[in-house]
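Throughout, a chain's letter reflects where its sequence line sits, starting with A, and its residues are numbered from 1. All of these numbers come straight from a predicted model, not from anything done at the bench.
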Protein chains: 2
Amino acid sequence: MHLNPADLRRVSVFREATDEDLQLFLSQAILRTVEEGEFFFLQGDPAVFFYILVSGRAKLLQSNAAGHQVNLRTINEWQMFGALGAVKPGAVYPATAQALEPSTALAIESAFLHEALKTRPYLNFGLMQLMTGYIQEMQERYRELATERVERRIALTVLRLASQVGKRLAGDEMMIELPLSRQDVAEASGTTMFTVSRVLAEWERRGLVEAGRERVLIRNPHGLVQIAEGLNP
Amino acid sequence: MHLNPADLRRVSVFREATDEDLQLFLSQAILRTVEEGEFFFLQGDPAVFFYILVSGRAKLLQSNAAGHQVNLRTINEWQMFGALGAVKPGAVYPATAQALEPSTALAIESAFLHEALKTRPYLNFGLMQLMTGYIQEMQERYRELATERVERRIALTVLRLASQVGKRLAGDEMMIELPLSRQDVAEASGTTMFTVSRVLAEWERRGLVEAGRERVLIRNPHGLVQIAEGLNP
DNA sequence: GTTCCTGTTTGCGCTGGCGCAAAGAAGGAA
DNA sequence: TTCCTTCTTTGCGCCAGCGCAAACAGGAAC
């Protein structure tokens, strides 16, 4: 794989970086490729590296002692992940990063980023903006989980996932494709595979989505938004 | 109220600040006092100020369209809150801050912090450490809400609240007092007042806690930890 | 084509926890 | 002291959603 510094500018944190800085980070990077289902890192591992996804898709998940797991976030190309370790030296990853498809990522030592932060205000702001975004998303999702019913939560989740990892279908701009299994959606919305399956089946009957194997196709985003907003109970 | 710069050093973000910086921030601060139940700011307001609680207690909460609300975090003396707005100029508060008791806070313009961040790496690190802490706590709580049963969630919540706002009882170091109503605990653990009341009554029968009006006294923290860890089903 | 694997659907029964309503208790005010 | 407000408890009924089990189906490999 050929990477040039300008590619790095697609990473939100590096948007305002100088060419020299990009070159510097790239020179520190190792390319890691993992197969579908494999892990970039596990919850609890020392956070030695942070990553930038170059190709493929991955998810960040957390699991409890009983093995029950929840999806925290889906990672797309040119997104940074595992960067919390750069803030506190000696930290461990608070979540697991697993590839949803064969994926490649740049791995750079957290300590390197930590040093760089000391002299580059733009990096600080970029990273903080990322963090505030996560905080707000997690707060919202927490509230949804605590206060909304499943159907609405699933609608909110599918819409969120669509905006994060959805691909608009060539030919029809309104249709969005999601490469996610029922289980994935269940873990992202805090419910079970069975319930997701039933809800999607009902939506399919109403013509809102098309539900395939490890795939959800949104036919009518507006209808989903109505459910998400509780206008269509 | 008399405040001197050294007091500000009790704020985690200012731990490594110079005396001049503390003086500078203090000179920018306005003192705001609010009564119990009143608000420092509301969800959706422009985030013009960030706050440092000087005395009293407050909570950060979010509510949905139907008015159903969840507690995101409890704020203690010398904690900073409402600071997300300093990162993105023009942002709004993503949550509401409400006083649990008569409280006083320093209010400083977000824009001032924003400027200060550009030239003071220690502030950046401090703020980022705070943020990573929130992210991790929210991720944990989200997972708990998605995967754990109520009793366990309530135990985890009570323990978390104890570590954040609990007061050790003079005389018996093991006993911790929480000045929170059933409703508060319900909103912090994602359940209803009724369920919290029933669970606390059962714990009281077992001698784990003493439940009073707007008050929970933990008699046996270790027993609660067992429930929280699922060892005592 | 056939086989196998893995993900999905659906019927069914069950129960955890919600939420109303009404009574009870703890403070504060007067 | 009594009254009033606010918080808490508890009985009761109910149902959303869970979770098992078994059948079903899409896709890859051969």
Check B:Arg57, B:Arg73, B:Glu137, B:Gln79 against B:Gln164 for a side chain to side chain donor-acceptor pair (under 3.5 Å) and give me the one that passes. B:Glu137
Under-4.0 Å side-chain N/O to phosphate OP1/OP2 contact, A:Thr191 with D:dG17: no
With a non-hydrogen cut-off below 4.0 angstrom, is A:Arg198 in contact with a base, only sugar-phosphate, or nothing? base
Looking only at side-chain N and O atoms, does B:Arg182 come under 4.0 Å of OP1 or OP2 in D:dC7? no
Length of the line joining A:Phe194:CZ and C:dC12:C1', which is rounded to integer Å: 13 Å
From D:dT8, C:dT10, C:dT8, nucleotide with atom closest to A:Arg205 side chain: C:dT10
Measure from CD on A:Glu214 to C1' on C:dT6 and round the result to the nearest Å. 8 Å
Integer-rounded Å distance: C:dC5 C1' and A:Glu36 CD: 14 Å
Value in whole Å for how far the P atom of C:dG17 lies from CG of B:Leu145: 12 Å
Could you check whether A:Glu140 and A:Gln136, counting side-chain N and O atoms only, form a donor-acceptor pair closer than 3.5 Å? no
Closest nucleotide of DNA chain C for A:Arg149 versus for A:Ala211: which of these residues is on the 5' side? A:Ala211
Whether A:Ser181 contacts C:dG7 is assessed here as follows: a side-chain N or O lying under 4.0 Å from the phosphate OP1 or OP2. Is that the case? no
Nearest whole angstrom, please: distance from the P of C:dG19 to the CD of B:Glu187. 13 Å
Taking only N and O in the side chain of B:Thr192, is any of them less than 4.0 Å away from OP1 or OP2 of C:dG19? no
Pairwise distance CD(A:Gln69) to CD(A:Gln62) - rounded to 0.5 angstrom: 10.5 Å
With the side chain defined as heavy atoms from C-beta on, A:Arg213 is closest, among D:dG26, C:dT9, C:dG17, to D:dG26
Starting from C1' on D:dC7, measure out to CE on B:Met193 and report it in whole angstrom. 8 Å
Under a 4.0 Å N-O cut-off, is there an ion pair linking A:Glu202 with A:Arg198? no
Identify the residue among B:Phe40, B:Phe50, B:Tyr134 that makes a ring-ring contact (aromatic ring centres under 6.0 Å, His included) with B:Phe81. B:Phe40
Has A:Ser197 got a side-chain N or O lying under 4.0 Å from the OP1 or OP2 atom of C:dT9? yes
So which one's nearest nucleotide on DNA chain C is more toward 5', A:Val196 or B:Arg153? A:Val196
Separation of A:Glu202 atom CD from D:dG17 atom P, in whole Å? 13 Å
What is the distance, rounded to the nearest whole Å, between atom CZ of A:Arg215 and atom C1' of D:dA25? 15 Å
